[in-house]
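Computed over heavy atoms, backbone and side chain alike; hydrogens, waters and symmetry mates excluded. In each ligand, atom 1 is the first atom listed, and ligand 1 is the first ligand listed.
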Amino acid sequence: MAKKQFKTESKKLLDLMINSIYTHKEIFLRELISNASDALDKRHYLSLTDNSLASDTPLSISISVDKEKRILTIEDNGIGMDREDLEDNLGTIAHSGSMDFKSALESNEEVDIIGQFGVGFYSAFMVAQKIVVETRKTDEQGYRWVSSGQDGYSIDKMEKPDVGTRISLYLREDNEETSYSDYLDKYTIESLVKKYSDYIRYPITMMVEKSVEIEGKEGEYETVEEEKTLNTMVPLWRRNKSDITEEEYHNFYKSQFNDWNDPLETIHYSLEGKINYKALLYIPAKVPFDFYSKDYQAGLQLYSKGVFIMADAKDMIPPYYNFVKGLIDTDDVSLNISREMLQQDSQLQALNKSVAKRIKSTLVNMLVKEREKYEGFFKNFGYALKYGVYSDFGMNKTELQDLLLFYSSKEDKYVTLKEYKERMLESQNEIYYATGTSIEQIKKLPQLEQLSDKGYEVLYFVDNIDEFVIMMMRDYDGKPFQSAQKASTDIESAEEKTEKEKLARDNKDLFADLSKALADKVKEVRISSRLKTHPVCLVADDRGISMEMEKYLSQLPTGEEVKATKILEINPDHEIFKVLQQVYKTRKESIDDYADLLYQQALLIEGFPVDDPVDFSNKICQLMKEANN
Ligand code: ADP
């Protein structure tokens with residue numbers, strides 16, 4: 001039959017495999033065994049409801065080598081593939097689709113691709129010059145798929161007596177860098193199976209030579225062949241915690257969940273009581289490449305008595321812990337439970353709560369005992385927790401609020417709300433925060449001058465979601481949140497208040513005229529009690545949105561413009577205030593321009609564009625001219 005070409009992305013990946021300089025080529029065996037195991041799972045699962053799929057022989061994977069012809073064969077009696085499956089599964093990359101994957105391919109970062117995306121079947125091309133897949137589903141027609149890589153593949157009908165798949169790798173010739181012959185060595189194969197695939201639930205067998213004493217002839221030996229099962233088959237999570245090494249946990253994680261990096265944290269436990277289950281959960285060390293895309297599959301793998309039931313079972317875990325990878329093995333669900341039934345199962349709702357509790361206690365523990373590690377975690381997945389507080393109408397506030405971190409003005413590092421509250425000044429009733437685009441930018445905000453000076457701690461909000469989160473929370477442990485950029489910040493002593501009131505009275509007309517000059521721009525011009533060295537700042541009226549929110553909303557493609565109601569504050573201790581008083585006395589007609597200039601400056605400081613750049617520039621020029629007259 002005519003050769004067919006691989007789909008474009010597959011071709012690129014294939015080229016990468018064929019020209020691979022990747023040092024861990026051995027992982028191809030893990031990938032093929034894992035595929036075989038999946039195929040066995042599928043057959044087993046379907047046979048529960050369809051008897052015709054049941055196998056006469058035990059489900060297993062067998063490996064054989066032909067040293068002379070340099071062929072390594074991996075065979076399973078799993079579900080098999082028909083022509084369409086072969087086209088769909090081996091002609092294209094199974095888990096491609098996403099743009100990230102395509103762009104990663106373009107960048108040709110080989111190691112990353114092999115690690116991050118788990119290249120699966122194609123990885124065999126790292127060691128094989130030709131691959132033959134002989135396979136049969138239950139419909140009795142077998143197919144042979146043959147490919148030598150770049151030049152495409154062919155699919156032909158063939159006679160195949162048994163259901164299942166046989167994959168033969170024609171190994172490459174050895175060269176200086178790589179001894180491909182190693183994969184014809186039975187000891188090597190055995191140790192690779194032990195290393196990567198020991199927990200596979202089906203026997204992985206191979207014929208091995210064994211020396212036995214010849215019957216009746218003492219001291220004389222002959223070599224016989226016998227079938228050996230290479231793996232112990234006990235799923236890792238069903239083994240004793242104390243017998244499992246960190247490396248085993250990590251290897252399992254990497255192969256099962258397609259990650260190149262070791263996980264940040266491993267959580268392995270079993271619970272007996274009202275609900276019975278074993279859990280093996282991992283917190284990734286890096287954000288999965290598709291985590292923020294809609295392709296990301298949240299959820300845990302579900303097993304019943306060690307038998308795989310479902311991938312990505314979402315109801316096993318609350319959505320705000322969707323970064324957790326792992327599996328649950330429980331005796332309490334039936335093997336053919338559907339996703340819909342799962343949602344309604346009350347046992348599983350209890351299980352969900354129990355899993356959440358364990359994840360939380362792990363995180364709390366990390367926060368207390370390994371702060372730096374926790375901060376790293378929070379950098380990666382803090383957004384998920386924040387989103388968890390925000391969503392569901394704040395229902396999960398108590399669950400999550402103590403896991404949040406915010407950058408502190410006082411500590412110059414990330415702190416918890418609890419730590420903030422414990423440090424609050426005696427007179428302080430509110431938790432202060434300031435919002436901006438970066439920590440550096442917030443540090444320079446004029447609105448924070450007096451606050452810092454008076455010893456108040458301010459939390460810096462740099463995530464868009466932060467303000468939404470505290471809007472939902474309202475308070476932490478009885479202490480309301482207060483923006484340092486809103487009108488109502490109250491940090492003056494009684495004397496300062498009296499003094500300010502007097503100043504306002506004495507300059508009543510000036511402020512009234514300044515307010516009038518900017519009437520269509522601000523609600524009011526008033527004396528500030530939060531500035532120290534800066535002349536002016538803007539604050540938002542308490543009723544209405546914040547200025548950061550205004551910026552955020554203006555980026556959204558909704559078209560509707562929502563604005564913060566702004567107030568212009570003037571520092572009475574600044575030179576500029578005296579200038580204003582002077583101008584007001586001697587050249588009252590200029591006061592409108594001065595008001596406008598100050599307002600435009602305040603806009604700039606706040607990160608807004610000036611209303612009319614040409615007018616702004618003209619007014620500055622005018623001022624410069626006057627200064628030199
Ligand atoms: P993945 O296993 O991650 O989906 P692969 O590229 O390794 O990606 O495999 C592609 C697909 O080919 C699999 O999803 C599966 O449908 C099919 N496949 C691979 N190996 C086998 C096998 N031994 N038996 C049946 N189907 C297989």
Side-chain angles (χ1 to χ4, degrees), residues 6-7 9-18 20 27-47 53 55 59-64 72-98 101 105 113-128 131-139 141-147 149 153 155 160 162-169 196-197 200-205 254-260 288-290 295 297 301 308 311-312 325:
F6 288 100
K7 299 261 160 61
E9 287 99 58
S10 315
K11 217 174 154 129
K12 281 189 193 160
L13 183 58
L14 211 62
D15 284 347
L16 205 67
M17 289 302 125
I18 290 164
S20 179
I27 59 136
F28 82 89
L29 188 62
R30 172 189 84 191
E31 300 288 311
L32 295 185
I33 289 175
S34 156
N35 280 348
S37 170
D38 289 348
L40 293 169
D41 274 340
K42 279 179 201 155
R43 180 165 186 188
H44 171 78
Y45 182 61
L46 290 175
S47 72
L53 277 166
S55 171
L59 297 179
S60 69
I61 300 165
S62 68
I63 301 180
S64 56
L72 171 64
T73 304
I74 294 116
E75 181 162 10
D76 65 67
N77 51 354
I79 191 74
M81 286 178 272
D82 56 21
R83 188 189 283 276
E84 215 181 328
D85 294 334
L86 281 169
E87 291 278 3
D88 289 350
N89 299 333
L90 303 187
T92 40
I93 304 167
H95 39 244
S96 67
S98 89
F101 186 81
L105 267 178
I113 295 176
I114 295 174
Q116 286 184 17
F117 300 98
V119 289
F121 173 77
Y122 287 168
S123 64
F125 278 106
M126 287 197 290
V127 299
I131 299 179
V132 177
V133 179
E134 294 163 313
T135 181
R136 197 194 116 189
K137 244 179 167 167
T138 39
D139 53 11
Q141 179 58 60
Y143 293 95
R144 181 183 287 116
W145 179 98
V146 182
S147 172
Y153 59 87
I155 300 175
K160 189 172 184 298
D162 314 311
V163 172
T165 304
R166 178 165 54 237
I167 299 183
S168 302
L169 310 183
Y196 291 114
S197 313
I200 294 284
R201 296 186 304 103
Y202 304 97
I204 303 169
T205 62
K254 289 190 276 195
S255 67
Q256 191 89 348
F257 301 105
N258 286 326
D259 193 349
W260 166 250
F289 73 98
D290 58 352
D295 296 336
Q297 291 291 352
Q301 296 177 352
F308 175 81
D312 315 319
K325 303 264 182 198

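- From Ile74, atom CD1 reaches atom OG of Ser64 across 8.5 Å, with rounding to the nearest 0.5 Å.
- Using a 4.0 angstrom heavy-atom cutoff, Glu31 does not count as in contact with ligand 1.
- Heavy atoms only, all atoms of each residue included: Tyr143 and Met81 are closest at CD1-O, 4.4 Å.
- Here Glu134 pairs with Arg144, Arg166 under the salt bridge (Lys or Arg N to Asp or Glu O under 4.0 Å) rule; sequence neighbours left out.
- Of the listed options Ile33, Asn89, Leu86, Asn89 places a heavy atom closest to atom 12 (O) of ligand 1.
- Classification of the Phe6-Tyr122 ring pair by plane angle, with boundaries at 30° and 60°, yields perpendicular.
- Considering only non-hydrogen atoms, atom 24 (N) of ligand 1 lies nearest to Ala39 out of Ser34, Gly164, Ala39.
- Residue contacts with ligand 1: Phe121 is placed with a nitrogen or oxygen under 3.5 Å of a nitrogen or oxygen of the ligand (distance criterion only).
- Close approach of ligand 1 to Asn35 is summarised as follows: ligand atoms under 4.0 Å from at least one heavy atom of the residue are 2 (O), 5 (P), 7 (O), 9 (O), 19 (C), 20 (N).
- Considering backbone and side-chain atoms together, Asp76 places an N or O closer than 3.5 Å to an N or O of ligand 1.
- The salt bridge (Lys or Arg N to Asp or Glu O under 4.0 Å) test applied to Asp82 returns Lys137, not counting sequence neighbours.
- If you run side-chain contact (heavy atoms from CB on, under 4.5 Å) between Tyr196 and each of Lys254, Arg30, Glu31, only Arg30 comes through.
- Here Thr165 has side-chain heavy atoms under 4.0 Å from ligand 1, and that is the only part of it that gets that close.
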